[in-house]
Each structure stands twice: as structure tokens, then as C-alpha cells.
Peer 1: 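Below you will find the structure I want to go over with you.
All values reported here derive from a predicted model rather than from experimental measurement. A, B, ... follow the sequence lines: proteins, then strands. Residue 1 opens every chain.
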Amino acid sequence: MELDELYREAILDHARHPRNFGDLEGCDRSAAAKNVSCGDAVRLSLRISRENRIEEIRFCGSGCAISTASASLLTLAVRGKSVEEALQLVESVQRLLTGASAPQDKLSGDLAALAGVRRFPQRVSCAMLSWHALEDALRTGETNSA
Amino acid sequence: MELDELYREAILDHARHPRNFGDLEGCDRSAAAKNVSCGDAVRLSLRISRENRIEEIRFCGSGCAISTASASLLTLAVRGKSVEEALQLVESVQRLLTGASAPQDKLSGDLAALAGVRRFPQRVSCAMLSWHALEDALRTGETNSA
Amino acid sequence: MRPAEELRTDFPALSQTAHGHPLAYLDNAATTQKPKAVLDTVRSFYEKDCANVHRGLYDLSVRATEAFESSRRRVADFIGAASPEEIVFTRGTTEAINLLAATASRSLLQRGDGVLLTEMEHHANLVPWQMLGSLGIRLSFLPVEDEQGTIDWNRIEEIAKKHRVRLLAFTHVSNSLGKVNPAAEICARARSLGLLTLVDAAQSAGHQRLSVREIGCDFLAFSGHKMCAPTGIGILYGRQELLSSLPPYQTGGEMIAEVRLDQSSWKAPPHRFEAGTPNIGGAIGLRAAIDYLQTVGLDMVEKHTSSLAAYAASGLASIPGIRILGPRDHRAGIVSFVLEGVHAHDLVAFLDQEGLALRAGDHCNQPLLRKFGLAATARASFYLYNLREEVDRLVEAVEKTRRYFAG
Amino acid sequence: MRPAEELRTDFPALSQTAHGHPLAYLDNAATTQKPKAVLDTVRSFYEKDCANVHRGLYDLSVRATEAFESSRRRVADFIGAASPEEIVFTRGTTEAINLLAATASRSLLQRGDGVLLTEMEHHANLVPWQMLGSLGIRLSFLPVEDEQGTIDWNRIEEIAKKHRVRLLAFTHVSNSLGKVNPAAEICARARSLGLLTLVDAAQSAGHQRLSVREIGCDFLAFSGHKMCAPTGIGILYGRQELLSSLPPYQTGGEMIAEVRLDQSSWKAPPHRFEAGTPNIGGAIGLRAAIDYLQTVGLDMVEKHTSSLAAYAASGLASIPGIRILGPRDHRAGIVSFVLEGVHAHDLVAFLDQEGLALRAGDHCNQPLLRKFGLAATARASFYLYNLREEVDRLVEAVEKTRRYFAG
Ligand SMILES: Cc1ncc(COP(=O)(O)O)c(C=O)c1O
Ligand SMILES: Cc1ncc(COP(=O)(O)O)c(C=O)c1O
């Protein structure tokens, strides 16, 4: 796979037109993550329902196309999911990108576009940035205004 | 030159039977030198006449055969010399042992035995130890009870 | 100088391909490639003369010690030091500056004294000084006035007086801007004010002629790996009387005169600062690197790299949306740039696909980039083996990437 | 194990002659020779994958980073660490202990706390702790009771209570006596008293199997160059929660999270402790050395070297006027001795003439030798490639020298 194929799919679109970009006023939880080696930063803010479902989620920050697109895709993928489902998804993404799961394992929908990142190990930390923040926000289980 | 030739000459004799070994009671000057890389130590004590001649000199300390023999030879060589002559001799010995002077330059008498040390660079500091102490004692020009 | 086309053949790593293209290695400010002569010398040391130094009385160890100490003499000669005793071997520039900061803070610098830096310092010449804050030693900064890297050195006097500055530490060549600071002029000014000086020569050593005598600095540091030597070796130069006034840094074997259970005494410099077994192979590699560079000719290296950088800057300038940092003229072999709408990481990832190895990031210059409103730039940095055609490929690939992202 | 005769051929330096005799390299406690496999691996890194680590996004740099970090994983595996994050690369044992002493004195150790050492420590595990005296941290010592190196480890409790000891730092194998200290037993005892432990494994790593899990220590240090790796690389192991509690040591690039002009924040271990460009080639060489040693088999290395040492001790014992230091049995591959009437320097100088490379001196153990009334000993130290016939040559040459000096 060449790099431009990776970008050509959903990535470039989401990088140029990130979905759910901004801060969520009156969020229940938030978490920030920073890639110290490149300076990319992302912050997620979430609203969680009484039934423990992600009702609303937004991200902001600055980063490369991969990290921006990944965060944008994340917001679409986890909205409506239960906290538990979302945490499972974090793990699937992590396993897929780091090559811990078999290559034929697929992510569904637009998220599938992230799979190509596994071919570019130096970019995995870009793609994982927002997912780490999500895990953080969901696990700490309390309002985190970092 | 093999090492045993070096030792065979005056060195072994002086190492076994060091001349002027001991402390000089009521000395005018003294100086100590230590080879930090091997722990060898020597102390010289001297009596200097009004005419600035070395009347009496003794050494003590512990060290290898080369450093002991060199100190013993030193005491014989400088007794009766003026301070200036002795300092010149220190320089000649230094130049000879470090290869700064031509190999055909010779030291006179028993001292000639030291010349072989130049073939064993790792032992030059052993041979020079007492000469450094002598220079120190003569240059500082005052009683040094180090 | 032998032409770069020919010099390249001395560097085994340069003959490889990357993503189907000939590798164009343009990250020399991070580390340079190593010529065969250096690799051969190090290997031959390990194959023939390998022993610990300063210890043994047997032949092998005498040869190892002689090789190691002759490297020190070679470095002294290379930078015009007054004697080999002025050269302390370290892991690199970072350790050299840490050594100086830690020991000076216990001798040359007093509580209440100031250290003056510039805003363009590499983290290696900033953070070690920050650490002295707990000892009451304060930092002040010469501002960088624009993206060209202009500093008003006239302000030294005013700042020095206001902040009781005792030491001025500055980079000779900025690793992100390619700006060359007038070291001799700066040191003369500092000396007239009674300040001590440290020159961070990480980006200038092995890239131009360098003489501590001409510069007139008190201390200077550089890394071997940025000038053809292996990793893990570098030096701190210090004027002899100053080095002698510094207490030890790391302690252990080789640096002590006498050890008792309750206290110890130290050897004279440079060994006072070299505790434990040093990087002997590294020092020998550094000597071989100096030999290599002097055969090539340092004036020619300087001319070649700065002319490549100027060529690159002018080529890149023609690309829409490009923003180039650093001086318009008299630029060292370094060109940092950003492309509007394309994050530096995406940009260099695309350049990598064309076989062009560039670095993207903050180049350990966070405060400076933050001042310019940037988190990262792409940086091309050149060395004696780079070619004009590599620059052409770079400019073309940046333009291609721009078009790709512009959609 | 392949027989030593065959293993020797892996080491290019061993095929040379010295003063007309085949070189018998018997100074392995100072540094070991390097096998071809290690030299090849390092060279191939520089020829193919040379780039700076943790920085670049291009292929070469990804490979360099992966090679460097895989070395860390290999070391973690080699000593049974729980994770690679517990391994900090240093120049060697000396730097590792300096790093720990300097950072622990700002975190784990408080004014008034004590550090307990033994009287047989190498200067590297003594002087860095002495330096903490100015911070009000006091040293106490487990006495060495005799020339065999006996230590009464039962006394830990009494001394620890009396001197408010917080950390026990001891050598696994004494580099002058060849004494092997029962590390697991000592650490268990220390742990039960709530003490932290540091094991100086400079003489045991690469000479026997080594597991921090089995030993149960908190920290451990060793040098690569004493186990087939190049000079300039070593490690500090620390339990993750302890490493995380330590502040940085050297500062600069690579170890910071965020830098502002006035302050900075740090990365997590191990990178927090690795400021600047590390010795990348050295780390890769260390990995290759571990690979080599594991192929040979560490149990076999231990058996071979200690049986050579026992053979040497019994052979030397037959020489009139000889005095052999160290334990009568369970001796590591090290034999220190003195010969009545012949200074150790003269002795090894004569041995050198027979092609036997031994070290004479205080072996960075001044306080211990002083206790025995000695300034220097001659020391033969063995490694996997030494031969019984080299021991025979040694015994013969010592006897010959004795006769020469006896006149
Ligand atoms: C200007 C400058 N100073 C210091 C350093 C640090 O050098 P090293 O990482 O070799 O210690 C560098 C290299 O990155 C540099 O460019
Ligand atoms: C027991 C012991 N500790 C520490 C050291 C110091 O090792 P290095 O010089 O590699 O830092 C040595 C080696 O001389 C040693 O034998």
C-alpha cells in the first residue's frame, strides 16, 4: 500500500472536514492526549446518558491529517454506543493498528480507513491519539478537565 | 630490548638494595609524589647548603622496582649538585625517558640504566615519580611537609 | 573538495534505495551518515587493540590508552585548544552541557547569578540551565526578533547588568533556522563584560572550520555523531584554568586520586570528569571522523552545504503556500519550512515515499517554534554528500504533495 | 558449550601474538574482547539503518528506532525485567550508579537516611554515594572479615537500624576477590527490613544467568563492554514504580514532554533518563552481545570461567611466596594475587613479555586492599574463550619471574 492510497480513502476527507469539531458545552467528561514526540494534541468532550451511553461527543486540537481524521472518525463511530462497547472498540482499534490482531479482522464502516495505518508504524501513534484520550475519559469515569 | 635486560642492569640491584633509603631528620625541604594510577608513592627529604647545593638526600616510600631503583639512583646522582644543576638533570631525565631527546643522548654513570625505560612507555611514570618529587622540592623552595 | 558524487561513495548507507527511489538523506542535523574509513578504524580497534584504558601495563592496554589519548590530542588540534587536557570526552553535546551546568553551579556560579541564553537554543542548551533554578540561578533570554533568527546582540550588556549574568551560553548555528551566530564577536563582547561563554557547536563542528582560539570562548560542546563519528561520543572543551576550578561530575573509577571509605580526592582535568570506562571505541571513531573531514576540507564542506541550502530555499520559495524560516543569506546547511494546509508530519511522510528523508517536528526547539505560532516544521539539512539533484527532487516532491492535499 | 578452542575463533583480537607469544588475554574483568558477530551487527547498523531515534518519520529512522528499542526489549528479557520500560541505557555501570545516586537523593532518600555498602565495593559503587554526604545522607559499611571476602550478612539488620539505612547497594561479584555474594538471599533479607536494594552486576552480567526477578532487587546496573559489547553502553534496571518516582538526571532533548523558556515537564521512564542522542550503535551492539552469549549458554560460561579460576588458584598456590586473595571455593572467574618480594607492576610487566595480559593495581578497590595492607595485586580474570593451557603458561611465567627476582 502506498501512502497516498491510505490518505485517499476517508482520511483526507475527514482531515479536511473534521466532523464534530469543537468543544461540547456542559460535557460530563473530557480528556486530553498529547503526542510528546510530535506535539499533536487532542481533547475530547463527551455527554454520557443515564444508561451509560455516549450521547454526544466532540473533539478539538491540532495535529496531522491522520490524527485529525482518526479523531473525526472516532466521534462518528462511538456516538450512541455504550461505554462498554466504546471501550471494546478502543481495544479493537488498538489491536488492529499495532498488528496484534489478524489483518483480515476489519473495522466496520468508515473506520475501516484506519486499517491502512498499520502499514506505517511511525504513524500509529498519530492514529491512536484520540482513542487513548477516549479510553482515558471513559475509564476515569469522572469529569476530567485536563 | 627485552624487559629482563632493563632490569638486569642497575635496576634490580637498586630495587633490592635502595641507597639512601629513609627519612632525613632535620631536612630543609621535602616533597612527596604519588602515581595515582598505580598507588606508588615516594617522599624525598633534602638538606641544602648555604651555597645552594644538595648536601644530603634521602627517599622513602613504596613502589615497583623501577620507581624504587629510579629514586635510589636519583639520590646518588644529585648529591653534591647545585639546585640548578639538579633541576637541569630532572629535565634531561624527563626528555630522555619520554623520547623528547635523541636516543643517543646519554645519562652518565649508573643513571644510564634508566634509559631503557623509554622502551616501555607504560613504565615511564614509575621512573619519573621521584624526579617529579625532586623538582617539586627544589622549585617550591620551602619546607614542604606533604 | 572531491565532488559530492564521489564523496558519497565513501558512505555505505547512501547507496541504498528507499521506497524504490535512491535514498536522499536530508536529516543531517539530526545525525550524519558514517564514512567507511570511520567504520573501518573502529572495527580495527576492536579487532586489534581492544583493552581498557589507563589501567593495564600490558601491550594491548598500552595501545588502547595511546589510541584513546591520541584521539583527545586530535580533537584539541581540531578545535585549536591550547592542550589536550582541555578536552573532556562525553556522550555528546547534551551530556557536555549537563556536565558544565552541574559543576559550574557548584563553583563558578553563585546563588543569585544569572545565565543568559537565546530564544533559539536547543533543549540541550536550555533545560540543564533551567534545572539550576532550585539553586537560585536565574535565566534570562536574548529575544529572537523574527523568523530569520535575528538577535540584537547589543542587548547583552543591558541584560547582563540587570540580571547579574555570569555566563552566556548560545548556539553557534541554530538547528531549526540555519542561522549562524557571529560567535567570535559575541564572545568578545561577553568577555569585555566579564561574562563566561559557552558555545553549543553541535551544528557547526565538522561543518565549518572551528577554532576556540579565534572564537575566544571559555567552553564549547559538540557531538561526534553529527560529524561522521559514531553515536555515544562528544566533547566538552573548557579553558584549562576553568576546568581545573570545576568539581567532579560523575564519580567512580579513573577519576579519583585516592579513595577512602569516608572520602576521596580527584585527579586533574580532563580525567576528573571521565568516571568509569569511557566510550573508547567512540573516541577512536571521532578521531577517524576528524581525519576524514580534514581530508575533505572543512571550508569546502561549509561552502557546499550552505550553497545547497540556499538553492533549496530558493527552490522551495516558488511553491505556493510555503513559509521558509531562517536567514535570507548566510544560511548554514539547514532549511526549515511549513506548507499551508499540510501538517509537517503528513508532508514528510509523503516525502519519505519519494525516498527523501527529512525530519518533521519541533527540532527540540519548542519555545522558538511556539513564538512563531508553530508546533512543527519540516526540515531539510545537508551535508558534504548531498547533491543538487536531491534538492531538485525535494522541491518537486513538496510541490507534488501540495497538489495532492489541495485536491 | 562449544569448546573454548572453537569459541576463540569468534574473537578476532585473540588470534594475535604479543611479544612473540600467542596473546593470552587475562584481563576480562577490565573489559572483554568482542566477537565478530557483535562487530558485524554494529557495522551493519551504520551501513544500513543509521539515523537518529525517536524523531524521524522516514523509513531509515523508523528502522533505527526499532533497532534501538528492540535492544531495550532484549536487555529486559536477558535479566528477566517485567517490561522494557524498566531498562535505562547508560554509558556503563558507573553512569548507572551515578544516575541512581543523584536522582534517589532527590526523591527516595531523605536527609538523615543511610546507605549501606560493603567494604568490597568498586569505586563506582562507593564514591557516588560519598557525594551525597553534603545532602546529609550517611554511609555505613558491612565489613569484609578476611581476605576470602567473607561478609556477615546477618549484620544488615543491626546496622540498618542503627544508621536509619534506606538503601543497600552491593556488588554481585567482587572484581578483585572473585567473591560471589548471595544476591537473592541478601535482597530477601533487605526487603524484609524495608530496604531498597541495588546490585552492581558489572562482574556478573554476561558471566552467569541473571534474573532480577529471582534476585528480587530494586535496581541493578551493568556495563556492556564487560560482556562482549562495545564500550560506551550499559544499563540501569529499576522497578517501574521506583523509576517513575525518580526525577530526571541529565536533561535536554528526547526526555522532555514540554519545554517552555521558564520550565519543562518530563517523559515517563525510561526516556526521562535518556537525554540527548543516545549511544544507538552501542545499544545495538549490546543486543548482539546478548544474542551471542545466549547462543553460547550462560551456565556454561559460568562453569568454564570459574573452573579456570579454581585451576589457576591451585596452580599458583604451589609457588613459594604467593598470596592469593578471594574465596577458597565458589570463586568467580577472577584470581588476585601478590608475590612476596616482587611488586605487582613488575610482575605483570614480566608476564606481558610472555604474552600474558594481566592487570596490576588497586582494581578500583583501594579501601579493601588498604585493609589487607596492600597497594596493588596482580589479577587474572577469565572469560569464555580462555584455555587451561593459558593458565599453565601463567603459572609457569609467575614462577619464572619469581626466580628471576629471587636472583
Ligand atoms: C544545536 C544543538 N544543540 C544540542 C544538540 C544535542 O546534541 P546530542 O543529541 O548529540 O546531545 C543538538 C542536536 O540535536 C543541536 O542541534
Ligand atoms: C564491580 C564493578 N563495578 C563497577 C565497575 C565500573 O564499570 P564501568 O567502568 O564500565 O562503568 C566495574 C568495572 O570496572 C566493576 O568491576
Side-chain angles (χ1 to χ4, degrees), chain B residues 1-19 21 32-43 59-74 97 113-133, chain D residues 17-21 27 30 122-123 127 175-176 321 325 336-379 396-407:
Chain B
M1 183 190 217
E2 293 292 308
L3 191 64
D4 54 351
E5 293 172 45
L6 167 62
Y7 279 72
R8 226 190 299 268
E9 304 187 37
I11 304 278
L12 208 50
D13 174 45
H14 278 267
R16 284 205 194 108
H17 312 291
R19 322 297 199 264
F21 191 84
K34 187 155 181 151
N35 187 337
V36 292
S37 71
C38 69
D40 283 6
V42 69
R43 189 166 75 240
F59 85 99
C60 64
S62 76
C64 64
I66 307 273
S67 80
T68 305
S70 180
S72 172
L73 288 162
L74 176 152
L97 295 196
L114 288 178
V117 174
R118 65 187 292 157
R119 308 289 305 277
F120 302 91
Q122 64 272 43
R123 306 308 294 281
V124 168
S125 59
C126 310
M128 283 306 301
L129 193 63
S130 50
W131 298 88
H132 288 314
Chain D
T17 58
H19 301 284
H21 305 272
D27 194 16
H122 187 279
H123 296 164
V127 191
N175 70 310
S176 57
L325 308 185
S336 272
F337 56 97
V338 289
L339 185 58
E340 201 186 321
V342 184
H343 191 284
H345 289 133
D346 297 312
L347 176 55
V348 304
F350 274 79
L351 299 179
D352 176 45
Q353 299 282 311
E354 310 279 334
L356 298 154
L358 274 77
R359 193 173 157 207
D362 58 33
H363 317 296
C364 295
N365 271 138
Q366 285 184 14
L368 184 65
L369 292 203
R370 199 176 291 121
K371 180 164 190 169
F372 298 153
L374 296 169
T377 73
R379 181 184 72 183
E396 211 170 290
V398 172
E399 167 60 15
K400 184 171 154 193
T401 306
R402 184 193 69 77
R403 284 198 309 266
Y404 179 86
F405 275 84

Peer 1: Give the member of B:Ala15, B:Ala65, B:Ala41 that has the highest number of heavy-atom pairs under 4.5 Å with chain D.
Peer 2: B:Ala65
Peer 1: Under 3.5 Å, which donor-acceptor pairs link chain B and chain D? Put them in a table for me, please.
Peer 2:
from, atom 1, to, atom 2, distance (Å)
B:Leu3, N, D:Gln353, OE1, 3.4
B:Asp4, O, D:Tyr404, OH, 2.8
B:Tyr7, OH, D:Asp346, OD1, 2.4
B:Arg8, N, D:Tyr404, OH, 3.3
B:Arg16, NE, D:Phe405, O, 3.0
B:Arg16, NH2, D:Phe405, O, 2.4
B:Asp40, OD1, D:His343, NE2, 3.2
B:Ala65, N, D:Asp346, OD1, 3.3
B:Ala65, N, D:Asp346, OD2, 2.5
B:Arg123, NH2, D:Asp346, OD1, 2.9

Peer 1: What is the distance from atom CZ of D:Phe405 to atom CG of B:Leu12, rounded to the nearest 0.5 Å?
Peer 2: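 Here the interatomic distance stands at 5.5 Å.
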